[in-house]
> 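To start, I am sharing the structure in question, which I have written as structure tokens.
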Amino acid sequence: MAKTLMKGNEALAESALRAGCRFFSGYPITPQTEILEYMSWRMREVGGEFVQTESEVAGINMLFGASAAGARALTSSSGPGFSLKQEGISYLCGTELPAVIVDVMRIGSALGNVFQGQGDYWQLTRGGGHGDYRTIVLAPASVQENADMAYEAFDLAEKYTHPVLIASDAAIGQMVEAVELKDFHDHDINKYDWVIKGRKEGEDKRIAENVYYAMGADEYKDFLLEKYKRIEDNEQKWESVNTEDAEVVLVSYGISSRVCKEAVKIARKKGIKLGLIRLKTLWPFPKKAFDALTSDIAGFLCVEMSILGQMVDDVKLATDNKFPVKCYSEFSNVPDPAIIIERAEKMLLENGGRK
Amino acid sequence: MKYSIPKTITNIESGWCPGCGHGIVTRLLAETTEELGISDKVIIVRDVACGSMQSGVVTYNNIGAAHGRTIAVAAGAKRIRKEDIVIANPGDGSAYSIGIESTMHAALRNENILALVVNNSVFGMTGGQMSPTTLPGQKTTSSPYGRDTSYNGNLLDIMKVLNTFDIAYLARGSVDSPSAVMKAKKYIKKALMMQQDNKGFCLVEILSPCPTNWGLSPEDSLKFIKEKQQEYFPLGEYVDKGGYDK
Ligand SMILES: Cc1ncc(C[n+]2csc(CCOP(=O)(O)OP(=O)(O)O)c2C)c(N)n1
Ligand code: SF4
């Protein structure tokens with residue numbers, strides 16, 4: 001298929017439909033709203049169900065019902081609206097239901113503001129709701145990846161019967177780029193043996209509820225640990241840029257990683273050996289990307305848009321405190337390549353380059 | 001009268017307290033779906049509250065929704081399974097307190113589901129706290145001096161709200177006597193027939209005893225429904241798009 005120009009949010013919505021998504025329920029909030037608006041007419045065209053719900057709470061719960069009934073279901077939000085979805089996401093995890101939930105990140109706590117941000121990293125990767133759980137979190141850095149990851153998210157969600165979150169942001173959602181969309185895929189709502197529908201005589205009874213009740217506490221604990229390990233072993237995704245000989249390695253994702261790529265290019269021209277690990281999954285965190293690196297690196301510089309620095313925690317864990325790890329964090333401004341290079345040079349000066 | 005247990009009722013012992021109304025409502029559901037020949041189409045969406053114990057005593061496939069979300073979850077499931085009969089089974093706390101926004105908006109969208117609300121005027125599961133349908137003067141664990149409407153707020157009669165909505169069916173029944181149970185059964189059956197014919201949103205509320213949290217014997221609980229609960233929550237059909245009285 002030829003490439004077309006599309007806005008990030010719309011490419012994500014169209015791609016979800018092409019993956020067989022036939023249910024969307026959500027509530028308007030900037031900068032996510034184009035997903036809902038696009039779905040409001042396009043879902044009808046493809047014969048699916050679109051509901052502008054009374055709240056995000058209703059949105060995630062209608063999705064819960066649609067998913068239990070076997071549909072590929074999507075909801076999306078930002079900031080405060082994404083917070084309202086957390087109880088529902090916890091229920092999806094406990095119940096072992098697949099679904100795709102998009103967080104088009106904006107900045108700040110409380111109302112914050114509508115500009116691009118990455119301050120939901122903790123909420124996205126630490127569970128966000130109550131109880132012990134993780135969700136698979138995909139981090140697109142372009143309109144093309146918005147489309148590709150939305151498409152792939154449904155397969156992943158069903159592979160693990162688990163919700164998959166897409167950590168987009170205002171910049172990726174609003175930018176217009178060329179995108180190649182995948183073909184339409186038909187999803188059969190009766191495909192899986194867990195879907196809830198009327199029970200015919202002789203069939204086994206199906207219940208969609210917290211799987212812990214049927215398993216009991218001990219078995220559930222083992223089950224969950226095994227499941228999360230399986231996801232961690234198989235689903236880490238990242239892109240490495242010039243890491244082979246790098247003296248300082250940037251770590252970033254989403255909109256910030258685009259700036260980092262630029263910084264690597266500029267630095268290399270100046271003779272500074274800068275590299276980049278770009279996370280494509282926030283959870284499972286791509287630990288393998290760090291394991292593959294040699295030990296004579298001056299340090300890692302995390303580049304992210306959150307005041308406190310959130311992703312940096314995971315980089316410290318992944319490198320086991322064996323390397324200096326610093327964080328360059330911005331709030332409402334997109335990180336500046338010049339500052340990135342300045343910080344990298346400072347790290348080189350302090351810690352020395354490759355021996 | 002010949003009576004046999006509906007096929008959709010299992011022989012698993014329920015967790016409900018003696019004299020609880022949830023069991024009667026469940027039996028009515030089983031009888032009506034069997035009489036209509038739709039047992040194999042039923043999907044139940046139940047709350048985490050006392051209604052959750054329905055899951056074990058029926059053979060229906062069912063979904064456990066978060067507290068207050070049965071109606072939203074049922075609406076989502078029905079939109080995917082249009083050939084099935086989807087029944088949300090919340091309590092009064094679920095449907096009228098934490099979940100009231102979805103009760104109203106599911107009605108506004110005329111979602112083609114049945115909300116079968118068990119109204120026992122308390123939060124049963126959590127130990128009998130005040131709910132939006134707790135009566136004035138009624139003592140609960142969170143209104144220990146009796147509900148004082150100037151302090152605790154007024155009660156909600158959902159019939160007075162939804163009777164202005166463009167929905168298919170709205171009725172309130174009770175289980176305080178055999179004749180009341182027969183009437184309640186008629187209401188439930190009518191609502192199910194309407195869903196079969198895609199008429200839209202139906203809400204049937206059943207006044208139901210909670211002897212445990214009312215601090216009354218099962219018999220006195222029935223008296224309480226007749227003499228007290230019905231004073232504030234009159235029985236009858238409030239919206240009926242018609243055509244289903246035989
Ligand atoms: C979000 C949330 N808040 C509170 C609770 C605790 N809770 C469980 S059931 C319930 C009230 C039950 O009352 P009702 O819905 O009237 O049902 P009943 O048990 O009386 O049948 C409450 C408050 C919960 N599970 N989830
Ligand atoms: S607490 Fe009340 S509502 Fe719950 S099972 Fe006991 S009697 Fe029924």
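Chain naming here is simple, since letters A, B, ... match the order of the sequence lines and numbering starts at 1 in each.
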> Does CZ in Arg126(A) sit with more than 12 non-hydrogen atoms of other residues, nucleotides or ligands closer than 6.0 Å?
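Result for CZ/Arg126(A): enclosed.
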
> Can you tell which part of Glu203(A) gets under 4.5 Å to a heavy atom of chain B, answering side chain, backbone, both or neither?
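Nothing of Glu203(A), per the 4.5 Å heavy-atom cut-off to chain B.
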
> Is any side-chain heavy atom of Asn61(B) less than 4.5 Å from a side-chain heavy atom of Lys205(A)?
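The answer is yes; the side chains approach within 4.5 Å.
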
> Of the non-hydrogen atoms in Ala71(A) and Ile80(B), which two are nearest, and what is the gap between them?
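Reported closest heavy-atom pair: CB-CD1, 3.4 Å.
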
> Quick one: are Val42(B) and Arg199(A) in side-chain contact, heavy atoms under 4.5 Å?
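Contact flag for Val42(B)/Arg199(A) side chains = no.
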
> Tell me if the CG atom of Asp197(B) is crowded by more than 12 foreign heavy atoms within 6.0 Å.
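Yes, the 6.0 Å shell around CG holds more than 12 heavy atoms from other groups.
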
> Using a cut-off of 6.0 Å, state whether more than 12 heavy atoms not belonging to Tyr27(A) lie near its atom OH.
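Incorrect, the count does not exceed 12.
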
> Kindly compute the distance separating NZ (Lys197(A)) from CD (Glu83(B)), expressed to the nearest 0.5 Å.
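Between Lys197(A) NZ and Glu83(B) CD, I get 13.0 Å after rounding to 0.5 Å.
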
> Heavy-atom pairs under 4.5 Å with chain B: which of Val57(A), Leu63(A), Val51(A), Thr95(A) has the most?
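Going by pairs under 4.5 Å, I would pick Val51(A).
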
> May I ask you to name which of Ala66(B), Ser55(B), Gly64(B) has the most heavy-atom pairs under 4.5 Å with chain A?
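Going by pairs under 4.5 Å, I would pick Ala66(B).
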
> Should we say atom CG of Asp204(A) is surrounded by more than 12 heavy atoms from elsewhere, each under 6.0 Å from it?
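No, the 6.0 Å shell around CG holds no more than 12 heavy atoms from other groups.
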
> Charged N to carboxylate O below 4.0 Å: is that the case for Lys82(B) and Glu49(A)?
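Result for this pair is yes, salt bridge flagged.
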
> Is it the backbone or the side chain of Lys78(B) that comes under 4.5 Å from a heavy atom of chain A, or both, or neither?
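Nothing of Lys78(B), per the 4.5 Å heavy-atom cut-off to chain A.
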
> Roughly how far, to the nearest 0.5 Å, is CG of Asn62(B) from CD1 of Ile207(A)?
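Answer for the CD1-CG pair, Ile207(A) versus Asn62(B), is 5.0 Å.
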
> Roughly how far apart are Ile63(B) CD1 and Arg206(A) CZ, rounded to 0.5 Å?
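Nearest 0.5 Å value for the CD1-CZ distance: 12.0 Å.
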
> Might you confirm whether atom CG of Asp188(A) has over 12 heavy atoms from other residues, nucleotides or ligands at distances under 6.0 Å?
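Enclosed.
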
> Less than 4.5 Å apart, any side-chain heavy atom of Phe23(A) and any of Arg79(B)?
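Side chain of Phe23(A) against side chain of Arg79(B), heavy atoms only: contact under 4.5 Å found.
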
> So with a 6.0 Å cut-off around OH of Tyr212(A), is the heavy-atom count from everything else above 12?
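Result for OH/Tyr212(A): open.
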
> Tell me if the CG atom of Leu108(B) is crowded by more than 12 foreign heavy atoms within 6.0 Å.
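For Leu108(B), atom CG is crowded (more than 12 foreign heavy atoms under 6.0 Å).
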
> Within this structure, what is the CE-CD1 distance for the pair Met62(A) and Ile71(B), rounded to the nearest 0.5 Å?
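Rounded to the nearest 0.5 Å, the CE-CD1 separation comes to 11.5 Å.
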
> Is it true that atom CD of Glu13(B) has more than 12 heavy atoms of other residues, nucleotides or ligands lying nearer than 6.0 Å?
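Not buried by this count: 12 neighbours or fewer within 6.0 Å.
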
> So what's closer than 4.5 Å to chain A heavy atoms on Val48(B): side chain, backbone, both or neither?
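Just its side chain gets close to chain A.
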
> Looking at Gly198(A), is its backbone amide N or carbonyl O close enough to the side chain of Lys41(B) to form a donor-acceptor pair, meaning the two atoms are under 3.5 Å apart?
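No, Lys41(B) side chain to Gly198(A) backbone: no donor-acceptor pair under 3.5 Å.
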
> Whether Arg46(B) and Glu209(A) form a salt bridge (side-chain N of Lys/Arg under 4.0 Å from carboxylate O of Asp/Glu) is what I want to check.
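Salt bridge: yes.
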
> Taking all heavy atoms of Ala58(A) and all of Glu101(B), pick out the closest pair and write down the distance.
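Where Ala58(A) meets Glu101(B) most closely, the heavy atoms are N-OE2, 4.3 Å.
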
> Need one label for Asn210(A): side chain, backbone, both or neither, based on atoms under 4.5 Å from any heavy atom in chain B.
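Contact with chain B is absent: no heavy atom of Asn210(A) under 4.5 Å.
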
> Would you compute the distance between atom CD1 of Ile196(A) and atom CZ of Arg81(B) and round it to the nearest 0.5 angstrom?
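Here the interatomic distance stands at 9.0 Å.
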
